[in-house]
Each structure stands twice: as structure tokens, then as C-alpha cells.
Amino acid sequence: MRLRIVAANWKMNLRVEEGIKLAKEINDFVETYPMEGKRVVICAPFTHLTQIVSVVNYWLISVGAQNCAEWERGAYTGEVSAEMIASTGAHYVIIGHSERRKYFNETNEILAKKVSLALKYALIPIYCIGETLEERNQGILYNIVKEQLEKGLFFLDEENIKRVVIAYEPVWAIGTGVNATPQQAQEMHSFIRNLIKDKYGISIAQQIPILYGGSLNSKNAKEIFNEKDIDGGLVGGASLIPSEFIEIIKAL
Ligand code: PGA
């Protein structure tokens with residue numbers, strides 16, 4: 001059985017005290033809810049990590065960062081390393097979110113370095129992939145996703161690829177209110193799992209959680225999570241609203 005995951009991506013929102021309040025509300029819910037085989041991950045801004053780690057139940061909720069540096073340490077003013085993130089008690093890190101690819105010019109090659117460093121410091125990378133609307137309309141969505149996987153992840157050996165979580169987030173669905181249909185998402189998730197199978201074999205392909213992200217909410221989550229290759233979600237906007245996020249956890 002693959003682990004099922006709902007991950008919150010708070011992006012650049014919430015003051016520290018607001019983050020603590022939200023994390024506590026999520027924690028209070030999760031502590032009363034059956035969570036076997038399931039995990040909630042809260043990906044918070046760097047400034048919040050230590051305190052969020054201290055208010056959530058370690059066994060039920062993991063904390064993650066939203067990015068890490070492509071270098072290990074040194075004279076890179078303003079950067080935050082994978083080692084530093086791990087030292088806060090966080091266990092996950094989002095790598096290659098489309099906003100990082102777009103606004104910070106993060107290429108698949110740069111992201112491969114980040115993935116390596118995350119794994120070196122025992123962080124689980126949530127590696128994000130997905131096509132833009134233009135790429136979908138041109139019919140090159142599968143080529144794009146394949147390239148993102150091949151360059152950013154498939155350099156890993158068998159031991160390391162098993163530790164990764166993949167998030168398929170079509171760029172046109174992020175923050176737009178237009179989610180992929182369950183069928184569209186399932187088609188891509190099955191394509192991704194097949195690529196993993198071709199490269200690493202069926203057993204590894206069956207182990208890796210593949211999350212969907214893009215305008216998930218309390219209304220569409222259940223149907224999307226019911227698809228056979230969809231193992232949970234990466235949630236932006238709706239993760240900032242406790243009642244919405246809790247409904248999404250219930251849909252898992
Ligand atoms: P959204 O964002 O849920 O607000 O569409 C998802 C994401 O960017 O991870």
C-alpha cells in the first residue's frame with residue numbers, strides 16, 4: 001500500500017502566529033481522525049518551520065519547506081540549505097513548484113541538484129511537474145512531463161527514488177479555480193507511473209506516491225482522490241482555510 005498524503009502549500013502567506021494557529025487547528029482535527037496509511041504535510045515558509053514543528057503531533061503531521069538551495073552551504077546570502085531545513089525538524093521539501101520554475105528560472109538541472117541535497121539530508125522531496133496551458137494545447141504535455149522527470153529525478157538510484165513523492169500540478173490549474181478533471185489527472189498520473197515502471201520496475205512504481213495539485217477544494221477532492229493512480233494532493237489556496245483543508249483530509 002502506498003502512503004496517501006495531503007500536503008498544504010501555504011506559499012508566501014501567513015504571519016508566524018497565524019501559521020501556528022492554523023497548524024494547531026489542523027492538528028486538533030487530525031488527532032481525532034483515523035489516519036492509518038495517511039499523512040498530512042504542512043509546507044510552511046522557512047521562518048515558520050521551527051515553531052510549526054513544535055506544535056504538531058510528529059506521528060500524524062509532518063512539516064516541510066517550500067524550496068531549498070541548490071548548494072550545500074557557504075557564501076550564498078539569503079539562501080536556505082537542505083541541511084538547515086532538516087535541522088528545524090522538518091521532513092519534507094517541495095522542489096520545482098511551477099512558481100519557482102517560472103519566477104526564479106529553476107531549470108530541471110538546478111532542481112536535480114536540490115533533489116540530491118534534500119535526500120542527502122534525509123528530507124523527502126515533493127518534486128513538482130506539470131505542463132502549461134499552451135503546452136497542453138500544443139499536445140506536448142506528455143513530452144514536458146517526461147523531460148521534467150527524466151532530468152530532475154531519474155538520475156537517482158533505486159534506493160533514493162523510493163524516497164521521493166511526485167506532485168503533478170498542471171500549471172493552468174494552479175490558483176485558477178479550474179481543476180483538472182479526475183480523468184485528465186488520472187491519465188497523466190498513469191503515464192507518470194508507467195515511466196517510473198519502465199525505468200525502475202513495477203515494484204518501485206507501485207510504491208511512489210503521486211499527488212495531484214491545482215485548485216483542489218472540499219468539493220472536488222473526493223472524486224479526484226478516488227482515481228487509482230492519485231495518492232493525495234498538494235493544496236494551495238484551500239490549505240489556508242481550516243474547514244476546507246479538513247474536508248480535503250477527510251476526502252483522502
Ligand atoms: P492551488 O495551488 O491549490 O491554490 O491551486 C496548488 C499549488 O500551487 O501547489
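Note: hydrogens, waters and symmetry copies are ignored here, and every other heavy atom, side chains too, is used. Please read these numbers as outputs of a predicted model, since none were measured by experiment.
- Salt-bridge annotation for E17 and K21: absent, with no side-chain N of the basic residue lying under 4.0 Å from a carboxylate O of the acidic one.
- The CG atom of N67 sits 7.0 Å away from atom CD1 of I85, with the distance rounded to the nearest 0.5 Å.
- Counting side-chain heavy-atom gaps under 4.5 Å among Ile, Leu, Val, Met, Phe, Trp and Tyr, the cluster of W172 also holds L133, V178.
- Residues Y212 and F225 keep their aromatic ring centres 6.0 Å or farther apart.
- Of the possible polar contacts, one joining the E18 side chain to the R15 backbone as a donor-acceptor pair under 3.5 Å is found.
- In this structure, S215 contributes its side chain and G177 its backbone to a donor-acceptor pair below 3.5 Å.
- With sequence neighbours left out, K250 forms a side chain to side chain donor-acceptor pair (under 3.5 Å) with E247.
- A salt bridge (Lys or Arg N to Asp or Glu O under 4.0 Å) check over residues 41-65, counting only residues at least two apart or in different chains, returns nothing.
- Grouping Ile, Leu, Val, Met, Phe, Trp and Tyr by side-chain contacts under 4.5 Å, direct or through others, puts F104 with Y103.
- With sequence neighbours excluded, the residues satisfying side chain to side chain contact (heavy atoms under 4.5 Å, CB included) with A8 are W10, S239, F245.
- For the pair M35 and V30, the minimum side-chain heavy-atom distance is below 4.5 Å.
- Residue pairs that meet the side chain to side chain donor-acceptor pair (under 3.5 Å) test with at least one member in residues 74-85, sequence neighbours left out, are R73-E83.
- Scanning for side chain to side chain contact (heavy atoms under 4.5 Å, CB included) contacts around K151 gives N108, E109, E147, with sequence neighbours left out.
- Using a distance-only test at 3.5 Å, with no hydrogens or angles considered, a donor-acceptor pair links the side chain of R39 to the main chain of W59.
- Residue I110 belongs to no hydrophobic cluster, having no ILVMFWY side-chain heavy atom closer than 4.5 Å to its own.
- Side-chain atoms of E135 never come within 3.5 Å of backbone atoms of L141 as a donor-acceptor pair (strictly under, hydrogens ignored).
- Applying the side chain to side chain contact (heavy atoms under 4.5 Å, CB included) test to N160 and every residue at least two apart in sequence or in another chain returns L119, L156, D157, R163.
- Sorted by first and then second residue, the salt bridge (Lys or Arg N to Asp or Glu O under 4.0 Å) pairs involving residues 205-229 (not counting sequence neighbours) are R193-D229.
- Environment of OH in Y58: sparse, with no more than 12 heavy atoms of neighbouring residues, nucleotides or ligands closer than 6.0 Å.
- Sorted by first and then second residue, the salt bridge (Lys or Arg N to Asp or Glu O under 4.0 Å) pairs with a member in residues 114-125 read E72-K120, E106-K114; sequence neighbours excluded.
- A donor-acceptor pair is defined here as one N or O able to donate and one able to accept, closer than 3.5 Å; no such pair exists between the side chain of K162 and the backbone of I208.
- Q206 pairs by the side chain to side chain donor-acceptor pair (under 3.5 Å) definition with R2, not counting sequence neighbours.
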